[in-house]
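Letters go in sequence order (proteins before strands), and every chain restarts at 1.
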2 protein chains.
Amino acid sequence: MRNAEATKEKILEAAMAEFSAYGIAGARVDRIAKMAKCNKNMIYIYFENKEQLFSTVLEMHLTRVYEAFDFTPEDLPGYAARVFDFMMANPELMRLMTWFALEQKTEQLDQRKEAHNRKIAELAKAQETGHIGTDFSPAFLLTSIMVLATAWMPTNPFGPSIDPASAGKTDELREAIMRAVGRLAGEPAPKENR
Amino acid sequence: MRNAEATKEKILEAAMAEFSAYGIAGARVDRIAKMAKCNKNMIYIYFENKEQLFSTVLEMHLTRVYEAFDFTPEDLPGYAARVFDFMMANPELMRLMTWFALEQKTEQLDQRKEAHNRKIAELAKAQETGHIGTDFSPAFLLTSIMVLATAWMPTNPFGPSIDPASAGKTDELREAIMRAVGRLAGEPAPKENR
DNA sequence: GTATACTAACTAACTGGTTAGTTCATAATA
DNA sequence: TATTATGAACTAACCAGTTAGTTAGTATAC
């Protein structure tokens, strides 16, 4: 069976599993080849080297995220819930991002930077128009939201290890995260609560 | 110069630098020996093997943390500020913890677990006595606090990379984190906002 | 239609450098 | 002299990346 595209696909899939499990330094090219049921050399033909392969895998999946759900500055709890659900369903991606943050050699991904700047601009506008509170800066808000939404991932040193009971209670957790984000973003005009 | 204790100390110091920089898989024992200006063999005499050395370094520094500052359930913003300052001053420890969370082989550290359970119990009591709000569970609160206090560390994929401008503004950041924690923990009876 | 030439996809075996861990002779100390 | 600390050299395994060669598919020529 000769099929370049299929082989590339299998390599990328295996690489995702390997890198998210072991990071760049810990990943083994031989193991990726074996998992992809292809020859090791094909990896070097299609993807230069190990680091290049990692970058390709990471960017591919990040692109998938950016297309998966959109940012709604007027409904930040809803956005947090979507991030939470997505990350819970894709723990491998979270691991990949964390490995990258730890192992990165000062490089930054333009793609992510742009996406963040766009969101921050939207938040600023939402603050001006009074849709959300102005107690926190847009950048602070965005970071807080992302951090709260991903706090219960296994990659977080303070997440499940603090709160092992949360393991099964996904719904309660999402609901609490949404309320927390609501508190920070400032309930534009809820008149009263409870 | 013959001094076993001093050699052990130097090895531990070098190991901390190496492991926090490269993780377990990426760390090189030869590099640690060179940095500690000791022979590689000494490492194996004093600390069994590489993984054992890592565990020793991690536990040692975690103990240091637990003794460094105490938990004040009635002043959670203050606690968050202390965690923030400590972590900002010790970014290496945060990296070490993150490497561990990624590389761990399902082991849990009893020491940490105990410390967390104690804090959660204190939070529960503080809720009963009305010192803090009851909108969020103690475990949720504690995780949120830790996560917010450490969100702007370089290890966080959503921290400085989202908000590079925060680099120099430590004071503003701490103040915002304290307010955020206050929002989540405080105001037992928030009648209205704005 | 079938023989030939050409190319893309793939493979097995190898290479050179690295790395965790060991051995053993020597030096310091008591 | 006996014990312990130390370091240089060593070893076996590992691993990223390479090489030289094979196989399958496809186009061209007769």
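Remark: A:R28 CZ to A:F19 CZ distance equals 10.5 Å, nearest 0.5 Å. Distance check: B:E59 CD to B:F54 CZ gives 10.5 Å after rounding to the nearest 0.5 Å. Considering CZ of A:R112 and CG of A:L58, their distance stands at 8.0 Å, rounded to 0.5 Å. For the atom pair A:K125 NZ and A:I120 CD1, the distance stands at 15.0 Å (nearest 0.5 Å).
Within the 4.0 Å cut-off from OP1 or OP2 of D:dA5, not a single side-chain nitrogen or oxygen of B:T7 is found. Distances shown here put every side-chain N or O of B:Y46 at or beyond 4.0 Å from the OP1 or OP2 atom of D:dA5.
Side-chain atoms of A:R95 come within 3.5 Å of backbone atoms of B:L102 as a donor-acceptor pair (strictly under, hydrogens ignored). In terms of modelled atom types and a separation under 3.5 Å, the side chain of B:Q127 and the main chain of B:F136 share a donor-acceptor contact. Within the 3.5 Å criterion, the main-chain N or O of B:A25 finds a donor-acceptor partner in the side chain of B:E103.
As a whole-Å value, the separation of A:K34 NZ from D:dC14 C1' is 15 Å. Between the CG atom of A:N3 and the C1' atom of D:dA24 there is a distance of 13 Å, rounded to whole Å.
Over its full length, the helix from C:dG1-D:dC30 to C:dA30-D:dT1 turns its helical axis through 0°, comparing axes from the five pairs at each end and rounding to 10°.
B:F47 comes within contact range of no nucleotide atom at all, as no heavy-atom separation falls under 4.0 Å.
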Footprint string (nucleotides 11-21 of chain C, 5' to 3'): B base within contact, S backbone only, - free, heavy atoms under 4.0 Å: BB------SBB

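Annotation: side chain of A:T129 is not in contact with side chain of A:E74 (no heavy-atom distance under 4.5 Å).
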